[in-house]
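Heads up, the thing below is written out as structure tokens.
We're numbering straight along the sequence, starting at 1.
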Amino acid sequence: MSNDQPHQPVSGLDVLISGGSMGGLFTGIALERSGHQPTIYERSAGALKSRGGGIVAQQNIRQFLSNYDIVDPDDITTRSHERRFLTERGDVERAVSETMVFTSWDALYRQLRDAFPDERYRTGTEVTSVTPETATVTTDDGTERTTDVVVAAEGGQSATRAQLHPDVEPEFASYVAWRGVVDEASLPAACVEAFDETFTFYQGADQLILAYFIPGSDGETESGSRRLNWVWYDTLDGRDRGAIFTGTSGAQQRFSVSPGQLRESVRHRQRDRATTLPPVFETLVSETPDLFVQAIYDLTVPEMVADRVCLLGDGAFVARPHTAAGTAKAAGDATALAEALASHGSINEALAAWDQTRTEYGTTLVARGKQMGDVRLNLD
């Protein structure tokens, strides 16, 4: 027999995906449409809540939606046609012609969730441990299940990653991102006009703020029904990180304080700090009902595969938001996994090839995020 005979693609695999957010859904859809039998375990019992508002809808995200016939990307995206930089007084310092495409976490999640079979999406089920050699998971009710491949798409606080790489720890980048989303209809007309069809920035001393329009809460993209999403990178400037990340419940959080959970004193202090911003940004921050805060950190793993267990998305690499690539990275990981299984003759060969290419990509992306953040905030 000739050694040049093409390999038969790996097909019909039983795949268990831990995590039902973006990474899990991208993976589930890509594998299901490729002839595999993925099942998603999501630990939350109810619908997932929006996690951050705006997303840059990179080309591979839009291609995913189109290629898998999920939704016309134009139906859930907004666009800007100019990148604009403001002075502290609010004048336009410079502007460049550039088209950017945006969506919202909730609009994208709804489309992905609707595209994945309900009977294969199991809520209220948490994976508590994995056995990589046999692709066996144990869930929080003590049940064990053995599959062909396990994909851990559990986000930046992945328990599976902590089990596989106990020495890997997130590295705090010494600054935070304050974030918020405001309904367009609740903003002054002058503020709406200032941000309309633009991706607008202001860079001050050790801080950077940006804003862009995203779809409304029900996915509306027409003017008047959109939302304005903003992100404000800010050093702690001698402030007590523990105090900022202690929410209204009194519990100190490591990574973020969710919308509605910031203590009044913290919210008031940040709105006071907004008086140093250009007037339109000050207005935007002051009109935000539920600003929240996230710690900026870097995370890398030495490899994404351990036997038959894969780490995917933010469960493997967390790059700073300046790269605008977190969601796109998850989509890329998922698509590449399906393609690797289709182009190799064994599971092990497919996972090894996927591990090499996606680990290289993740490592490079995290390094780029560090450089972008340090330059833009003048950090050492």
Side-chain angles (χ1 to χ4, degrees), residues 50 52-56 78-98 100 102 104-105 173 175-216 223-224 226-237 239 244 256-257 259-260 262 264-296 320-324 372-373 375-379:
S50 181
I55 292 172
V56 176
T78 58
R79 290 176 182 259
S80 65
H81 299 289
E82 183 178 270
R83 184 180 290 248
R84 181 178 292 176
F85 298 85
L86 303 183
T87 67
E88 185 175 349
R89 293 177 54 187
D91 301 320
V92 178
E93 183 175 44
R94 63 189 176 95
V96 294
S97 178
E98 176 190 56
M100 294 286 290
F102 308 100
S104 64
W105 189 97
Y175 62 101
V176 301
W178 301 89
R179 304 191 65 154
V181 175
V182 189
D183 289 339
E184 178 181 3
S186 69
L187 289 168
C191 187
V192 171
E193 183 180 357
F195 291 108
D196 198 25
E197 295 195 354
T198 69
F199 191 10
T200 305
F201 295 78
Y202 166 70
Q203 183 163 5
D206 301 329
Q207 64 178 335
L208 171 72
I209 189 168
L210 57 91
Y212 52 85
F213 275 105
I214 62 173
S223 295
R226 302 168 297 177
R227 293 173 293 176
L228 197 48
N229 176 82
W230 58 269
V231 185
W232 181 6
Y233 301 105
D234 193 11
T235 56
L236 294 181
D237 192 26
R239 300 165 70 182
I244 291 173
S256 66
V257 180
L262 276 180
E264 183 59 34
S265 59
V266 175
R267 186 165 56 245
H268 182 74
R269 170 72 186 276
Q270 200 61 25
R271 283 176 170 156
D272 280 349
R273 287 174 61 80
T275 59
T276 65
L277 301 173
V280 288
F281 276 115
E282 180 186 357
T283 297
L284 187 54
V285 173
S286 66
E287 293 289 339
T288 302
D290 285 323
L291 64 160
F292 60 105
V293 65
Q294 297 174 318
I296 302 300
R320 301 187 194 181
H322 313 288
T323 62
M372 293 172 72
V375 167
R376 291 180 177 183
L377 275 84
N378 303 310
L379 300 175

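Nearest heavy atom pair, residue L262 against residue V266, reads CD2-CG1, 3.9 Å. Among all heavy-atom pairs drawn from L277 and E282, the shortest one is CB-N, 4.2 Å. Minimum interatomic distance between T198 and S80 (heavy atoms only, all atoms of both residues): C-CB, 3.5 Å. The shortest non-hydrogen separation linking F292 to G180 is CE2-N, 4.3 Å. What you find for S104 and P215 is that their closest heavy atoms are N-CD, 3.7 Å. Across every non-hydrogen atom of R179 and Q294, the tightest pair is CD-OE1, 3.2 Å.
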- Using the side-chain contact (heavy atoms from CB on, under 4.5 Å) rule, take W230 and T288 through it: C-alpha gap first, then chi angles, then the decisive distance, then the call. CA-CA 10 Å; W230 58 269; T288 302; 2.8 Å; yes
- Message: Determine whether L210 and Y233 satisfy the following criterion, side-chain contact (heavy atoms from CB on, under 4.5 Å), listing intermediate values before the conclusion.
- Response: CA-CA 9 Å; L210 57 91; Y233 301 105; 4.1 Å; yes
- Intermediate values then yes/no, side-chain contact (heavy atoms from CB on, under 4.5 Å), Y202 and V280: CA-CA 10 Å; Y202 166 70; V280 288; over 6 Å; no
- Query: Does the side-chain contact (heavy atoms from CB on, under 4.5 Å) test come out yes or no for F85 and Q203, once each step is laid out?
  - Reply: CA-CA 8 Å; F85 298 85; Q203 183 163 5; over 6 Å; no
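By the 4.5 Å heavy-atom criterion applied to side chains, I209 and W178 are not counted as neighbours. At least one side-chain heavy atom of Y175 sits less than 4.5 Å from a side-chain heavy atom of R320. A 4.5 Å side-chain heavy-atom check between Q270 and D234 finds at least one atom pair inside the cut-off. A 4.5 Å side-chain heavy-atom check between V231 and P321 finds every atom pair outside the cut-off. In this structure, F281 and L86 have side chains that are in contact, with non-hydrogen atoms separated by less than 4.5 Å.
Distance alone, capped at 3.5 Å, places no donor-acceptor pair between the R269 side chain and the I244 backbone. In this structure, the side chain of R226 does not engage the main chain of G216 through any donor-acceptor pair within 3.5 Å.
A distance of 6.0 Å separates CD of Q207 from CH2 of W232, quoted to the nearest 0.5 Å. The distance from the OG1 atom of T78 to the CE atom of M100 is 10.5 Å, given to the nearest 0.5 Å. Separation of atoms CD (E82) and CD (E98) is listed at 10.0 Å; rounding is to 0.5 Å. The CG atom of L187 sits 6.0 Å away from atom CG of L228, with the distance rounded to the nearest 0.5 Å. Taken from CZ in R271 to CD in E287, the straight-line distance is 9.0 Å, to the nearest 0.5 Å.
Summarising the local packing, NE2 of H268 is surrounded by 12 or fewer heavy atoms from other residues, nucleotides or ligands at distances under 6.0 Å.
By the salt bridge (charged side-chain N to carboxylate O under 4.0 Å, His left out) test, E93 is found to be paired with no residue, residues two or more places apart in sequence or in another chain being considered.
Two rings, from F102 and Y212, have their centers less than 6.0 Å apart.
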